[in-house]
Each structure stands twice: as C-alpha cells, then as structure tokens.
Amino acid sequence: MKKALTIIFLMLSGSVAFAQQTEDAITIVPKPVSVEKGAGEFIISKRTSIVAKGADAQKVAAMFNYFFNKRYGFVLPITNSATTNTIVLNTASGIKLSDEAYQLKVNANGITILGERGGVFYGVQSLMQLIHENGKQLSVAAITVNDQPNFAYRGLMLDVGRHFFDIPEIKKILDVMASLKLNRFHWHLTDDQGWRLEIKKYPKLTTISAWRDSTIIGGYGDFNPFIYDGKRSGGFYTQDQAREIVKYAADRNIVVIPEIEMPGHSTAVLAAYPELGNGTGPYTVKGYWGVHYTIYNPDEPTFKFLEDVLTEVMAIFPGKDIHIGGDEVPKDEWKKSAIAQKLIQENHLKNEDELQSWFINRIEKFLNKNGRNLIGWDEILEGGLSPNATVMSWRGEQGGIDAAKQGHNVIMTPNSNMYVDHAQAKDKTTEPLAIGGFLPLDVVYNYNPLPASLTSDQQKHILGVQANMWTEYVATNNKLEYMLFPRVAALAEVGWTKAENKDYKNFTQNELPGYLKNIEALGVNYRIPEADVVINNDPQTGRKKVTITPFVAGSKVYYTIDGHKADNTADLYSGSISVPFTNGRPLILKYVIVTPGNRMSNEFNVAIQ
C-alpha cells in the first residue's frame, strides 16, 4: 500500500505539464508569481546528480529521489561535488527568502532550486510538474520561476466524525495536498456521531464513542420519521496511527491541526461518560445529523476530562494550533442546569453566551500554558472572544471581519465559497446526495479571502484560507474524492496566487485539463466538470456555431441537439457543431464527456437560442 501511495504522490506532482493545450505550454498548479521561459532544455538521465546543499536539502533530496525512483525506475546519485548535469537543491545559499518561497532555474546544464526547506520542497513539486516524458527521455524546458505563497495558511479540513476514513485514504488526500502546495490539514476528529482518536486515559472513547449502531439513509428531510440502515458504523485511529499521519504530513510540509469539539457536538462522548452531561441522558452515539442539544456541563470533572484529553492530543500533534470547535452550541441545557446558573452568578456573567466564552477562555489558558494556540469556529466570538484565539470564519465573512478588527488572527472559510460538501450543480438531481447549497468550481476559484471592508493593517490578521469537507453524506472514498476534486485545485490557487494574477479561463483551459487527466490515471476520483460551451453566429452560413472545450485532457465529447439523451452512442464532437435552421424554435444541446480512462460525466444541458 505504501508503494501505491508513493506512486500516487509522485505522479500527482506530475511528469507532464498540466496545460497540454500546446506542446510547449508550461503550467504549474497553483500558478506561480513569475515564470520566464528560456531557450533549450535540460535532459535528466541516470548520469544526472542531485547536489544537496544543507541538512534540510539532504532530506528533500532523499524524498525527491524516492519518489523519482517510483515514477521513473531509477535513482539519481546524491553528491556534494558535481558541477554539471546536476539538480541542485540548496537550503544554504545565503539568499534570504521567506519560508515557503523558492527560485527554480533550468538551463541546458542543470537545474537549481534555492530556498528554505519548505521552499525547496515546493520547488521540487513545481519541477515534477515540468518534467516531460517522451519515450524514455526525460526533459525539462529552460525556465526561471520565482515563487512564494500569497497566504501562510492554506488548509483543507476533513471531517472523520460523521464517516470514518482509513489511513490509506488520509495519506492519499495528503499526497494531493502536497502536490498543490497546501500546508494545513485540519482533522475534525470528534462529533456527535463518533469519536475517532485513541485516548489512553479514557478507553471507552474508542470502545463506545467511536461506534454508532445505525445511520439514517437519504437526506435529513427525505423520510419522516427517519429510516435507518441497521449497520454498525465507526472506527478510530490509534495514537501510533495518528503519529504516523503527523509524520507523513510533515514530510510533505503539511501541519496537522486536530479538532476536539467542545462544549457542543459532544453526544458521542456523553454516551461513554454520561456524568459529563447535564443530566439529560440516556445518551447514545447519534446516527442522524443536525445540531444536537446535548452539551458538556461546565463543572470541574468536565474540565479535568478535557484537559486530560488535550494533554494526550498535544503529545501526538506537535503543531502550535489546537482546534476546539466551539460551534453550534445550544444553551438550553445550561439554562436549566443548577451548576451552569451558579457559575454564571459566581463569575458575574450576563448569560449563557458569556458562560460559553468563560468555558472557552479557560480551555485557552490551559492550551497557552502548554505553548499552544486555540483555534475555534466563529461562534467563539459570542459572549466575548478569548484573548489569543484564532477565529475560523465559516458563517460567511462577518465573524472574520469582526475578529480582525479586534486584532485577532483569522482563517477565512466561509460556507458561501469554501464548503466543498455542497452540490456542484444547480440541478441537484444530477448530482450525488449532498448536504445542500450550490458551490461550483468558479465560485471557489474566484474567492478573495481579504475583505474589502478591512484596512490594510486589519487585513494582515487574515492568515489564509481553508476549504471544509463535512461528511454527513460522504460515506465512501470515491465520493470523498468526487466532492474534493477539482475544487481543491481551485482552493490551492486561492491560497497561493495573488488575486491579480489569477485567471479562471487560464485555470480551466490550461491548468486543469492535464491535472485531471493525471489524477484519473492515478486512481483519484473527481467530478468531471462542465465544458466551456460557446455559441456564435457563423457569418458564412448564417447558422449558429457551437464549440465545446472540455477540461480533461484527451477526453471525448458526445452530444445531441434534438433534446434526446446524450451518451457514448450520440454524435462524437469533432471540432464544432453547425446548428440547423429552426425558424426560431429553441434547441437543447445535451452532451457528456468521456475521459481517457473511459469515465463518463453527468449529462449537461445548454440552451441554443
């Protein structure tokens, strides 16, 4: 399995430039700051040497060599002395660059990548996309790339609480993230429907909280009352497995941020430890979605439990950030709780919102004492924000705007642009079941995480951007990948590329085709996006002319214009469609895209007026 995953990572980094529209096209995803083409090319052969300058460069060289060997079947010797026919990885150049910036230069004599460890690693990712394979010859066109990210935080959140995903699938997603220069993996490990991390001090979290007896079928509102599938569902990661993921991610310049939900989304915990609730049991691990009213009580045993859990979490995850949730916390139980009301009175709090703020503030002090930073969803603003907390703004941008104006750091992840659990077509009957909403590729791509309502100084508090993959309706690996890709490629460009350098047409027509072709060859599932359809009047014939440009390199398009079903029995598109005269009657273009791997898209419809 490790071998297969490594091949996936290498090939995702790419041996063929994504563009494929012209033979000499040069594209790197995400789009770099600057690219200057040169003359000629460099040939990589078994006589090519890797020169690793610096201890960090040695690590990157070893990783590059391992992936290179899996992709091309041979390794390159690593040396400190070769002067020609070399790939130089230099983390000790003395040229001061930011942590993830790099310079990549290719000429006929060799390749040089300069930067810190993270920068050289990303330079390698760009290099892998530029390698052209022609038979047995590997070449890289002469080029100079100067590049650095626009945002320091470029993240993807995966919810494993609703549906559990195993270690190989997590690694597969991390591989794609690395190839796209994403650097934060937000791991949503706990929720009402399951607890996913081994905590040695509290074994019932994995024997009870990690499993539910059944799960509803269909959408939340499809059946009243719910219909359950009768299948036991769940799973958890051992601490050793979690450490394995942390290291796997770190090798790919990705920091793992664990999320342990509190004080809400805690029903699964209460099923195992009901004494931490507000006396409203009995509790069970939930098999249906939505906001649940069961929350932790704010008494001392609860804080002892949470601090014990977080202590073990911090021992597994070395990153500075710990996410504590803080979202969707109904206060009904606290309104009726003698313990909660006593705390409100003793601490001179106005209401239950301020009690939640007091709760989060206490957890933050514990994390800060242990050298960690608290991240929470934007509800942690309610009742007063904890002093050093970072806000993850999901209910639109307003929470992030308010936090930035107060001087707090912010990660923008609004549900309007960054919730990749939403449907990818307006007609949801053409898509797999999704939680709701409509989030097409262009809406992800065109998002700007810097609100215009903030001053330039306030905008400095926007650390970056993140897409969120909630999995209430995502139970399989294929569906997970279908929902993620290609929208995560668009996310990567939002995080890395400055807004003024982005171009959606270039992204879809030049960058995306090769990218999708490559990931399909690697067994990564994705949604085949709608083609670019242009309808013009042909001045020579007086007829309408339709051109169709698919966004998967090497794909075929089959179409009808008579309103009937399009599949691979329909007409094969061969360059353009000359529409017959209809005396003003409208026609419907229906088409499907068939990829090089023989996958067929949904049927797409376009009106020809």
Side-chain angles (χ1 to χ4, degrees), residues 10-45 47-53 57 60-61 64 67-68 71-72 76 82-91 93 95 97-98 100-116 118-135 137-150 178-181 489 492-493 496-498 501-503 506-507 509-515 517-518 553:
L10 208 298
M11 293 181 68
L12 278 172
S13 297
S15 63
V16 182
F18 282 166
Q20 303 295 326
Q21 303 296 70
T22 60
E23 190 171 327
D24 62 347
I26 294 176
T27 57
I28 298 170
V29 181
K31 185 179 179 183
V33 173
S34 71
V35 175
E36 182 180 346
K37 293 183 181 180
E41 62 183 9
F42 175 68
I43 305 299
I44 301 176
S45 70
R47 294 183 295 277
T48 303
S49 298
I50 300 176
V51 178
K53 296 185 177 181
V60 177
F64 170 75
F67 294 142
F68 189 89
R71 178 65 181 91
Y72 298 111
L76 304 178
T83 57
T84 60
N85 193 18
T86 58
I87 299 174
V88 179
L89 307 180
N90 193 345
T91 59
S93 66
I95 299 175
L97 298 175
S98 59
E100 296 180 310
Y102 66 92
Q103 295 178 355
L104 167 63
K105 294 185 178 181
V106 181
N107 59 35
N109 295 319
I111 299 170
T112 300
I113 303 175
L114 304 177
E116 302 296 322
V120 172
F121 177 82
Y122 287 143
V124 165
Q125 304 316 305
S126 293
L127 171 60
M128 295 305 302
Q129 294 184 33
L130 295 171
I131 297 174
H132 177 65
E133 188 173 13
N134 183 14
Q137 180 173 285
L138 305 178
S139 64
V140 184
I143 192 173
T144 298
V145 179
N146 286 283
D147 202 9
Q148 64 181 16
N150 191 28
S179 74
L180 292 170
K181 302 184 177 74
E493 202 140 303
W496 186 274
T497 308
K498 287 185 177 295
N501 292 334
K502 289 165 56 185
D503 182 334
N506 177 70
F507 173 74
Q509 296 191 4
N510 292 328
E511 298 177 27
L512 202 56
Y515 168 76
K517 181 180 179 181
N518 283 348

Visitor: With sequence neighbours excluded, what pairs up with E493 under the salt bridge (Lys or Arg N to Asp or Glu O under 4.0 Å) test?
Guide: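 So E493 forms no salt bridge (Lys or Arg N to Asp or Glu O under 4.0 Å) with any residue.
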
Visitor: Heavy atoms, side chains only, cut-off 4.5 Å: are L180 and Y515 in contact?
Guide: yes

Visitor: For P149 and A101, work out which heavy atoms get closest and say how close.
Guide: CD-N, 4.4 Å

Visitor: Is the side chain of N107 donor-acceptor paired with the backbone N or O of E41 at a distance under 3.5 Å, no angle test?
Guide: no

Visitor: For D147 and V33, indicate whether the former's side chain and the latter's backbone hold a donor-acceptor pair under 3.5 Å.
Guide: yes

Visitor: Going through the checks in order, is the side chain to side chain donor-acceptor pair (under 3.5 Å) test met by S126 and K181?
Guide: CA-CA 9 Å; S126 293; K181 302 184 177 74; 3.0 Å; yes

Visitor: Measure the CG-NZ distance between L512 and K517 for me, rounded to the nearest 0.5 Å.
Guide: 14.0 Å

Visitor: Does any non-hydrogen side-chain atom of L127 lie less than 4.5 Å from one of V140?
Guide: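 V140 reaches L127 side chain to side chain.
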
Visitor: Rounded to the nearest 0.5 Å, how far apart are CD1 of I113 and OG1 of T91?
Guide: 11.5 Å

Visitor: Applying the side-chain contact (heavy atoms from CB on, under 4.5 Å) criterion to T48, which one of T86, I111, L76 satisfies it?
Guide: L76

Visitor: Mark yes or no for whether E100, through its side chain, and Q148, through its backbone, hold a donor-acceptor pair below 3.5 Å.
Guide: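 Answer holds: no.
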
Visitor: Once rounded to the nearest 0.5 Å, what's the spacing between atom OH of Y102 and atom CG of L89?
Guide: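 Y102 OH to L89 CG: 13.5 Å, rounded to 0.5 Å.
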
Visitor: Show, in sequence, the C-alpha distance, side-chain angles and deciding distance for N150 and T497, and conclude whether the side chain to side chain contact (heavy atoms under 4.5 Å, CB included) test is met.
Guide: CA-CA 6 Å; N150 191 28; T497 308; over 6 Å; no

Visitor: Evaluate side chain to side chain contact (heavy atoms under 4.5 Å, CB included) for F42 paired with N109, printing each intermediate quantity in order.
Guide: CA-CA 6 Å; F42 175 68; N109 295 319; 5.9 Å; no

Visitor: Run the numbers on I143 and E36 for side chain to side chain contact (heavy atoms under 4.5 Å, CB included), then give the verdict.
Guide: CA-CA 6 Å; I143 192 173; E36 182 180 346; over 6 Å; no

Visitor: Could you grab the distance from atom OG of S45 to atom CG of N85, nearest 0.5 Å is fine?
Guide: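 Reported value, rounded in 0.5 Å steps: 5.0 Å.
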
Visitor: Quick check: do I44 and Y72 have side-chain heavy atoms less than 4.5 Å from each other?
Guide: no

Visitor: Do side-chain atoms of S93 reach the backbone of I95 as a donor and acceptor pair under 3.5 angstrom?
Guide: yes

Visitor: Under 3.5 Å, is there a donor-acceptor pair between the side chain of K37 and the main chain of A142?
Guide: no

Visitor: Nearest 0.5 Å, please: how far is CG in D503 from CD in E511?
Guide: 8.5 Å

Visitor: Given V35, which partner from the list T144, L104, V145 fulfils the side-chain contact (heavy atoms from CB on, under 4.5 Å) test?
Guide: V145

Visitor: Please report the interatomic distance CD(E133) to OG(S139), rounded to the nearest 0.5 Å.
Guide: 10.0 Å

Visitor: Do Q103 and L97 pass the side chain to side chain contact (heavy atoms under 4.5 Å, CB included) test, and can you show the C-alpha distance, the side-chain angles, and the key distance before you say yes or no?
Guide: CA-CA 9 Å; Q103 295 178 355; L97 298 175; 4.2 Å; yes

Visitor: Over all heavy atoms of both residues, which pair between A492 and P30 is shortest? Give the atoms and the distance, please.
Guide: O-CB, 3.7 Å

Visitor: Taking all non-hydrogen atoms of both residues into account, name the closest pair between N501 and K31 and its distance.
Guide: O-NZ, 2.8 Å

Visitor: Do V60 and V124 make a side-chain contact, defined as non-hydrogen atoms from C-beta onward lying under 4.5 Å apart?
Guide: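 Yes, at least one pair of side-chain atoms sits under 4.5 Å.
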
Visitor: On the 0 to 90° scale, with breaks at 30° and 60°, tag the Y122-W496 ring pair as parallel, tilted or perpendicular.
Guide: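 Taking W496 first and then Y122, their aromatic rings stand perpendicular (interplane angle over 60°).
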
